[in-house]
Protein chains: 2
Amino acid sequence: MTVEEATTAPRMKAADRRELILEAATAVFGAKSYVGTTTDEVARAAGVSQPYVVRLFGTKSKLYIAVIERAYERILGEFTRVLPGPPEERMKRMGAAYAGLLVERGMLPVIANSTALGGDPEIGPVARAGFNSIWRFVRDEAGFTKVETRDFMANGMLINAIVGLRLVGAYGTEQSVTEVLNACFPDAVGVRELMPEAGEPW
Amino acid sequence: MTVEEATTAPRMKAADRRELILEAATAVFGAKSYVGTTTDEVARAAGVSQPYVVRLFGTKSKLYIAVIERAYERILGEFTRVLPGPPEERMKRMGAAYAGLLVERGMLPVIANSTALGGDPEIGPVARAGFNSIWRFVRDEAGFTKVETRDFMANGMLINAIVGLRLVGAYGTEQSVTEVLNACFPDAVGVRELMPEAGEPW
DNA sequence: TTGACATGTTATCAGTCGATTACTACAGTC
DNA sequence: GACTGTAGTAATCGACTGATAACATGTCAA
C-alpha cells in the first residue's frame, strides 16, 4: 500500500470522517482507478473499517462520485483563486495552479480516470458535468478564446496522461521521456519532484 | 453486451483466432477499461470459451498488453500511411488519421485508458513505450517542432477524453457539450457519427 | 489409417469484493 | 444516571473472476 495508512479510528463527527475518507479515497482511486480499487483499501487508508465506508456513502460508486465532484470543485477553486491579476499571464497562472494540484495525492489522476468513465450510467453524467464545469469556467470566467480554451484543456489532458503514465518517475530511465517532459514543462522546474513514482504506486 | 457477439467457434488457425480475439478484446477493453473487463466477456465477444482466451494469451494482463501494442502499431501505421504529401498539411492529415481510428471499436479508448496504467509493473512499461513511440514519430518522422509535437499530442489526449466521456453521445442533451465539440472539431463533419453512444456501452 | 499434435470445451476451484446484519461503545441531555 | 441517537466494528455471505485440469475433437503427414 502506497497510500498512507491511519492507525486507529477514534470517535469523530461523521462529517469530518466523511472528509477524511474522501481524501484517502482520492489517493487510492487516483493510484488504482475506480474498478481497480476496493472499498477495503479505501477504508484501511482512512483508518476505518470497510463496512463503515460503505455505510457512510451507500455504495462504492456513490463514494467515487463524491470523490470526483470534490476533485472538480477543488480545481475550480484553484482557478478562481488565481483568476485576479494581469490577463496576459492568466493562462500561465491557471496552468501552474493545475500542475500545482499534483501535490494533492490522487487529485489529478482521479480527474484523468474520470474522463474514461463516460459510459457508466451513474458516473458518466457526473464526469461530464465536471469536465463541462471546467470548460465553462475557462471559457466564460477566464475569458479565453475558443482556440485558447481548447488548447488549455488539451494541455491539461496531456498533463493527466503524463502523470498517469508515470513518465516522470521514469525520467532518465526510458527513451524520449526527457523530450516529452522538456516540451511540456519548459520552465516549471519543481513540478517533476511532485509527481508520483513509477515503481510502486499501483 | 454492447460488443458484437460471435455465434460459434469453428476450427481456425491459432494465429487467426488470436487476431480475432485481439480485435474483440480491443472493443471490450475499450468500452470497460482493463480492470473492468472480464476474460469471459472477451471470450464471448470473440465467440470462444473463456479458458481458451486465457490459454492463448497466458494471463489477462498479457492479453491486455497485446491489445495495447496492437493499438499503438495501428496508429503508427496510419500515421506512416498519411505521411507523404504537402508538409504544411501534414498535421491536419495526421489528426484526421487519428480521429479516423474512431471507426475501429475500442482502439482510441484503449489508448486513452492505457495512459492511466503507468503504475502497473507489467502494463506500465508497455504503455510508456507506446506513448513514446508516437511522440518520437511525430517529432522525428513527421518533423514537427517541439511546440507542434506537444500540441499535437495534447489534442490527441483531448480527443481521447472526449471519446471517453461520451461527450458526443450526449451531444445536444447536456450543457456546453456543443461548445466543446465545435471547438475541437471545427471542420471534421462526419466524426460525430463515428463516436460511441453515451447510454449503453458500459 | 493411424498416430501425434493442434484446436477447443466443460467442469471446477480458490481467492476476492461489495454489501448486509447484528452487535458494541461512546456522548450528550433531560 | 439512565435514555437515546450516533459512531463504529466483527462476522459473514453471495456473486464474480482468473486460472487450472481434464477431456474431446479435428487435421495432417507418413
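Lettering of chains follows the sequences in order, A, B, ..., and the numbering in each one begins at 1. Only heavy atoms go into these numbers, but all of them, side chains included; no hydrogens, no water, no symmetry mates.
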Practice item. Name the orientation class of the two ring planes belonging to B/Tyr64 and B/Phe29 (parallel below 30°, tilted from 30 to 60°, perpendicular beyond 60°). Key: perpendicular

Practice item. Mind running side chain to side chain contact (heavy atoms under 4.5 Å, CB included) on A/Phe79 and A/Glu141 for me, showing each step along the way? Key: CA-CA 10 Å; A/Phe79 284 173; A/Glu141 251 67 41; over 6 Å; no

Practice item. Using only heavy-atom distances, decide whether a donor-acceptor pair under 3.5 angstrom links the side-chain of A/Arg11 to the base of D/dT6. Key: yes

Review point. Which residue, A/Lys60 or B/Ala15, contacts DNA chain C at a nucleotide closer to its 5' end, judged by nearest heavy atom?
Key: B/Ala15

**Study point:** Whole-Å gap separating C1' (D/dG18) and CD1 (B/Ile21)
**Key:** 15 Å

**Study point:** Side-chain heavy-atom pair A/Glu23, A/Arg105 within 4.5 angstrom cut-off
**Key:** no

Check your understanding: Taking OP1 and OP2 of C/dG18, is either one under 4.0 Å from a side-chain nitrogen or oxygen of A/Thr39?
Key -> yes

Point to revise | Salt bridge A/Glu78-A/Arg81, side-chain N to carboxylate O under 4.0 Å | key: yes

Review point. Got a donor-acceptor contact below 3.5 angstrom from the B/Lys60 side chain to the B/Tyr34 backbone?
Key: yes

Practice item. May I have the distance from B/Leu20 (atom CG) to C/dG8 (atom P), rounded to whole angstrom? Key: 10 Å

Practice item. Locate the shortest heavy-atom distance separating A/Val110 from A/Gly30; write the atom from each residue and the value. Key: CG2-N, 3.6 Å

Revision key, fill the gap. Of the candidates C/dT7, D/dA7, D/dG18, the side chain of B/Ala14 sits closest to C/dT7

Check your understanding: Which residues within residues 50-58 of chain A lie with some heavy atom under 4.0 Å of an atom in DNA chain D?
Key -> A/Pro51, A/Tyr52, A/Arg55

Practice item. For A/Ser61, answer base if it contacts any base atom (sugar-phosphate contacts may also be present), sugar-phosphate if it contacts only those atoms, and nothing otherwise; contact means non-hydrogen atoms under 4.0 Å. Key: nothing

Practice item. Whole angstrom is fine here: how far is it from OH in A/Tyr64 over to C1' in C/dA19? Key: 21 Å

Check your understanding: Tell me: CG of A/Leu63 to C1' of C/dC17, nearest whole Å?
Key -> 14 Å

Exercise for review: Please state how far atom CG in A/Asp40 lies from atom C1' in D/dG8, giving the value in whole angstrom units.
Suggested key: 15 Å

Review point. Atom CG of B/Asp16 to atom C1' of C/dA6: distance rounded to whole Å?
Key: 14 Å

Check your understanding: Quick one: A/Arg17 CZ to C/dC26 P, roughly how many Å, whole number?
Key -> 15 Å

Exercise for review: Take A/Tyr98 and A/Asn160 through the side chain to side chain donor-acceptor pair (under 3.5 Å) test and state the conclusion after the steps.
Suggested key: CA-CA 10 Å; A/Tyr98 187 70; A/Asn160 289 348; 2.6 Å; yes

Review point. For B/Arg44 and D/dC16, what is the distance between atoms CZ and P respectively, to the nearest whole Å?
Key: 11 Å

